[in-house]
Chemist: 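Just dropping this structure here.
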2 protein chains.
Amino acid sequence: MPTKTYYNLPEEKRLKVESAAIAEFATNPLQSASVNAIVSEAGIAKGSFYQYFENIDDLYVHILGIIYKKKLEVINSLPLDSANLDTFRYLRRVLQAAVEFQIKYPDFASIERFRRMNSNHSSSVDPETGERISGDGRFHAFLTQGILHDDIATWVDVEMAAFILEIIEGGIAPYLVERIGEKAPDIMSGTLSAGYDRTTQDLFDNLMDILEAGLARDPQIRKDFYSK
Amino acid sequence: MPTKTYYNLPEEKRLKVESAAIAEFATNPLQSASVNAIVSEAGIAKGSFYQYFENIDDLYVHILGIIYKKKLEVINSLPLDSANLDTFRYLRRVLQAAVEFQIKYPDFASIERFRRMNSNHSSSVDPETGERISGDGRFHAFLTQGILHDDIATWVDVEMAAFILEIIEGGIAPYLVERIGEKAPDIMSGTLSAGYDRTTQDLFDNLMDILEAGLARDPQIRKDFYSK
DNA sequence: GTACAATATGACCGGTCAGTCATACCACCC
DNA sequence: GGGTGGTATGACTGACCGGTCATATTGTAC
C-alpha cells in the first residue's frame, strides 16, 4: 500500500501521479508498464516515486482500488426500476453497467481488460463446496438463483453458463461501444449517461433476446417463430 | 521471412529453434518475448539468430504459420459425419476443433490467445460491403448462411452474434479442457483424439443447447419445458 | 594441400529498465 | 542563528535488452 508520505501529498500532486499511472496501465499490461514513464509523465523524480510506493505493483493495486470504487459508482448510478429485479432484468443491468463503464472510463476498462488476460486461470474450484467458480462467482450465484426462481432452465450447466456470461461481459462492452459510437455519437460525448438511445436499446434488446432464449426456462415465443 | 540459411539448416536444429521459440511465445506476449531467452534455450549463438531471422517478429510470423498448419490438420482430422453439415452441427464442429487444438497443442493455443489480446480492435468494417466483421468473418458467414437456410432466427443481429461466437470460441477451450481434465484424465493423455467420452459430450451438448436455443429459428422444445 | 563461400560465434554497443542513496531542500520549533 | 524531521532529487548501479560485427570455424571444390 502507498506510504503515509503519499497520503500527505497535496491532492493535486496525487491526482497527477494517479492519472499518469492510469494512462500507463491502460496502454501497457502491468508486466511491461514502466516506472520511468510514469514518473516523467507525472513530473516527479524517480526517488519520489519510491517514497510513495514500494514498487510498481504497489501503485497498481492502489489504482485497482480506485477502479473498483468507480465501478460501484457506475452500477449504483443505473436506474433501478424495481426493488426486486427479475432474473433477466438483473442480467441486462449488469451488462449495461459494463457498457456504461466502458464509455465513462475507457482507461479503467482497458486496465481491467489487461488484468483479465493476465489472470490465466479460466476458473477455480471453491474449496468449501467443491463447485467450480468462474471469475468472482457473481454469475454463478445469479444462475443458481435464476433456477430457484424458475427463470433459468434446469438443464443448464450452471458452471459453464456462468463462464460464458463472464466472457461475454468482459468482451461485449468495447464491441457495443464501438457500434454505439457509429450510430449515436452524442451518447459517447458524455452527458447522456444512463439512458441510451433507440439504436442502443435495440442492440441491447437483441443481445438480451439471444441470452434469454438460450438460458430461460420459458423463453418467449420468437417474434418470427410462427410468422414466417 | 526466415533466410535461406535457416532452411539450409539440419532439421534437428531448426526444430530446436522452433520449439524454443514456441515455449517463449507461449509464456510471453510478443511484446515482452526475449531473443536472448530463445537463443539460450535453443543453444545457438545470438549472431546465428540474426542469420536466420530479420528480428523476433520475423520468427513470430514463422511460428504463426506453423500453428496455422497444425490447426488445419486438427480441423480436418475431425470426423465429418456428412458432406453437408447443418448449421448447428457445423458450429459444434468448430468449437470441438478449438477444444481438440487446446488439448493437442496447448502451447499453440496459448500463443493464439496472446495474439488475440494484442489485436485490440474488437471488430472492423469491411470497406466493400460496409458490414462490420468480427475476427476473420467465419462466424459472420456462418450466421448469414444459417439465416438463408432457415436455421437461424431472422431477428438475430448477425454482426453482434458473430462477435459473441467469436469470443466464446476464443475463451471456451481452456475452460472446457480444465473441466474435461477433472473427469476424464485419460482423454488428456493424448491417444484418444477425436472421440470424447460421455462426460465431455454431455458438456458439449449443454453448450450447444444453450447456443442453439439462443440463436435457432426453431429451437427444439426444451427438455423440461412442459415436464416440470 | 589452397581458395573461397557459407555458417557460427560471443564480445561489444547503445539503450532502457527498476531500484538506491547521498545530498539538498523546506517548514517548523527553540 | 541552530537543530530536527519530513520530503525531493537525479546521478548512479547492475541487469537485461535487441542488434552488430570482426573473427573463427566449417564445408566444398579444385
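So you know, we letter chains A, B, ... as the sequences are listed, proteins then strands, and number each from 1.
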Chemist: Scan residues 3-21 of chain A against DNA chain D and write down, sorted by residue number, each residue with any heavy atom closer than 4.0 Å; if none is found, say none.
Modeler: T5(A), N8(A), L9(A), K13(A)

Chemist: What I'd like to find out is whether the side chain of Q51(B) reaches to under 4.5 Å of the side chain of Y6(B), using heavy atoms alone.
Modeler: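 No, too far: nothing below the 4.5 Å cut-off.
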
Chemist: What residue pairs, at least two apart or across chains, pass salt bridge (Lys or Arg N to Asp or Glu O under 4.0 Å) with a residue in residues 40-55 of chain B?
Modeler: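 Qualifying pairs: none.
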
Chemist: Only distances under 3.5 Å count here; give the side-chain donor-acceptor pairs of residues 161-168 of chain A to other protein atoms, sequence neighbours excluded, each with its distance to 0.1 Å.
Modeler:
none

Chemist: Holding to salt bridge (charged side-chain N to carboxylate O under 4.0 Å, His left out), I want the full list of residues that pass it with R115(B), two or more places apart in sequence or in another chain.
Modeler: none

Chemist: With a 4.0 Å cut-off on heavy atoms, is Y52(B) in touch with a base, just the backbone sugar-phosphate, or nothing at all?
Modeler: sugar-phosphate

Chemist: In this structure, how many angstroms lie between the P atom of dA18(C) and the CG atom of L30(A), rounded?
Modeler: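 Whole-Å distance recorded here is 11 Å.
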
Chemist: Is there a side-chain contact between N28(B) and S34(B) in this structure, where contact means two heavy atoms from C-beta onward sitting under 4.5 Å apart?
Modeler: no

Chemist: One character per nucleotide, please: for nucleotides 10-18 of chain D, 5' to 3', B when the base has a protein heavy atom closer than 4.0 Å, S when only the sugar-phosphate does, - otherwise.
Modeler: B------SB

Chemist: On a plain distance test, is the side chain of Q51(B) in donor-acceptor contact with the base of dA8(C) below 3.5 Å?
Modeler: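 Result: at least one qualifying N/O pair found.
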
Chemist: Tell me, with the steps shown, if F25(A) and Y60(A) meet ring pair (Phe, Tyr, Trp, His ring centres under 6.0 Å).
Modeler: CA-CA 8 Å; F25(A) 291 138; Y60(A) 184 68; 5.0 Å; yes

Chemist: Nearest 0.5 angstrom please: Y52(A) OH to K13(A) NZ, how far?
Modeler: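 These two atoms lie 4.0 Å from each other.
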
Chemist: With R92(A), which residues qualify under salt bridge (charged side-chain N to carboxylate O under 4.0 Å, His left out), at least two apart?
Modeler: D205(A)

